[in-house]
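One structure below.
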Amino acid sequence: MSTPFVVAVPSKGRLQENAEGFFARAGLSLSKPGGARDYRGTIAGLDNVEIAYLSASEIAANLARGAVHLGVTGEDLVRENIPDADRRVLLIDALGFGSANVVVAVPQAWIDVRTMADLDDVASGFREQHNHRMRVATKYINLTRGFFARHGVSDYRIVESAGATEGAPAAGSAELIVDITTTGATLAANGLKVLDDGVILRSQANLVASKDADWSNGARETARVILDHIAARARANKYREVRTRFAGCNDALLMEAHNRFGVVAPFGGPTSSGMLTLHCPPGKLYALGSFLREHGADTVSVVSLDYVFDRENPLFAKLEAFLRQ
Ligand SMILES: Nc1ncnc2c1ncn2[C@@H]1O[C@H](COP(=O)(O)OP(=O)(O)OP(=O)(O)O)[C@@H](O)[C@H]1O
Ligand SMILES: O=P(O)(O)OC[C@H]1O[C@H](OP(=O)(O)OP(=O)(O)O)[C@H](O)[C@@H]1O
Ligand SMILES: [Mg+2]
């Protein structure tokens with residue numbers, strides 16, 4: 001048996017359900033042969049693939065070590081936990097879920113503090129008044145250090161927080177925080193506000209590849225098959241299939257449809273019987289339907305696509321280029 005190809009998938013938390021849905025929509029059905037509490041799984045039809053169910057932060061750590069080939073996790077965890085992330089892992093594709101911002105937030109009562117520059121002023125005066133440096137509660141230690149340094153803020157100390165970070169200022173264990181937020185409800189409930197230029201990172205879930213995993217030829221071939229499924233689904237999501245038949249169709253008309261509506265003709269112009277198949281972005285369907293009828297089409301049908309397999313696979317091409325570096 002060759003060593004397995006390992007894909008890490010969130011086992012709990014906010015990313016879990018969406019990650020499983022993402023693979024399922026790509027036609028990759030994950031299952032846990034040992035039952036719901038099993039932390040190893042399989043993908044139907046791909047015998048040498050092992051699914052490792054891990055927490056989102058463990059996935060980032062395993063990608064850094066090369067213990068898994070691919071993983072789904074938040075960009076915040078990648079940037080925080082992997083030094084020199086861009087060399088050691090590749091963010092293959094943003095997945096459109098798990099969106100959240102890592103932000104600098106201060107008490108709303110600090111009415112004169114709106115920007116990082118204002119915060120720098122506070123930091124400088126703080127030590128003289130209070131006998132200790134301004135404290136920032138966070139679990140995003142590396143992101144905080146980098147961001148504060150880029151803004152020239154150095155007079156502060158990090159208080160490491162494992163949870164309930166937003167409570168730190170009210171509890172008196174820190175003056176401000178760096179944490180992740182989506183709706184802002186937790187910040188508001190704790191009387192905190194985000195600085196105007198205080199967004200450190202706009203994060204979302206990503207499909208990530210590890211540079212240091214065992215990229216044998218077999219592993220590359222498995223990655224190609226998995227990414228082929230994902231790319232086919234991504235391409236299918238971008239379009240609806242439009243079918244029609246009419247006499248007046250010509251190259252100029254197809255060019256106009258392309259320029260005005262972003263339409264592509266994946267199989268070329270009309271067939272000998274005049275049938276025409278187009279792929280059209282969802283937001284332009286009605287406009288395209290009107291355009292085709294104005295030019296003589298009697299009927300235009302539209303269907304959703306499940307997969308569009310192309311010869312080119314942009315996701316695998318990206319991975320190959322990264323592994324060659
Ligand atoms: N509102 C949010 N708050 C926190 N994380 C979010 C939010 N929205 C999306 N995420 C993403 O989900 C990731 C994991 O968060 P979550 O708290 O669900 O995991 P977890 O199971 O608690 O993981 P761990 O035990 O490692 O902290 C975050 O790092 C972030 O990328
Ligand atoms: O802006 P909001 O929509 O209010 O979301 C932000 C909150 O959600 C997260 O906590 P989570 O629920 O994951 O709990 P945890 O800290 O135990 O992981 C995060 O740490 C914030 O506290
Ligand atoms: Mg959490």
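Ligands are counted one by one from 1 in listed order, and the atoms in each one are counted from 1 as well. The first residue in the sequence is number 1, and the count goes up from there. Everything numeric in this text was worked out from a predicted model, so none of it was measured.
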Thr182 N/O to ligand 1 N/O under 3.5 Å:
yes
Which ligand 1 atoms are under 4.0 Å away from a heavy-atom of Gly98?
9 (C)
Heavy atoms only, cut-off 4.0 Å: how does Pro10 contact ligand 1, side chain, backbone, both, or neither?
neither
Which of the atoms in ligand 1, numbered in the order shown and given with their element, are less than 4.0 Å from a heavy-atom of Ser99?
8 (N)
Measure the shortest side-chain to side-chain distance between His258 and Phe261 over non-hydrogen atoms and say whether it is less than 4.5 angstrom.
no
Near Glu166, which atoms of ligand 2 are under 4.0 Å from a heavy atom of that residue?
21 (C), 22 (O)
Measure Ala100 to ligand 1 on non-hydrogen atoms and call it side chain, backbone, both or neither using the 4.0 Å cut-off.
side chain
Polar side-chain atom of Thr165 near backbone of Thr138 as donor-acceptor pair, under 3.5 Å:
no
Contacting atoms of ligand 1, where contact means under 4.0 angstrom from a heavy atom of Ser55
26 (O)
Considering Lys139, Arg14, Gln16 one by one, which has a heavy atom nearer to atom 16 (P) of ligand 1 than any of the others?
Arg14
Measure Asp179 to ligand 2 on non-hydrogen atoms and call it side chain, backbone, both or neither using the 4.0 Å cut-off.
side chain
Note: heavy atom closest to atom 4 (O) of ligand 2, options Thr186, Asn190, Thr182, belongs to Thr186
Suppose I only count heavy atoms of Gly74 and a 4.0 Å limit; which atoms of ligand 1 are within that range?
31 (O)
More than 12 heavy atoms of other groups within 6.0 Å of Arg220 CZ
yes
Has Met275 got more than 12 heavy atoms of other residues, nucleotides or ligands less than 6.0 Å from its CE?
yes
Are the side chains of Lys211 and Gln325 in contact, using a 4.5 Å heavy-atom criterion?
yes
Based purely on interatomic distance, does Ala164 place a nitrogen or oxygen under 3.5 Å from a nitrogen or oxygen of ligand 2?
no
Need the ligand 1 atom indices (1-based, order shown) with element for anything under 4.0 Å from a heavy-atom of Gly13.
18 (O), 21 (O)
For His69 and Trp215, work out which heavy atoms get closest and say how close.
O-CZ2, 3.8 Å
For Ser57, the ligand 1 atoms with a heavy-atom partner under 4.0 Å come out as 24 (P), 26 (O)
Per-atom contacts, ligand 2 versus Arg14 - under 4.0 Å to a heavy atom
8 (O), 9 (C), 10 (O), 11 (P), 12 (O), 13 (O)
Which of the atoms in ligand 2, numbered in the order shown and given with their element, are less than 4.0 Å from a heavy-atom of Ile180?
6 (C), 19 (C), 20 (O), 21 (C)
Hey, is ligand 1 close enough to Thr181 that some N/O pair sits below 3.5 Å?
no
Residues, nucleotides or ligands: over 12 heavy atoms within 6.0 Å of Glu17 CD:
no
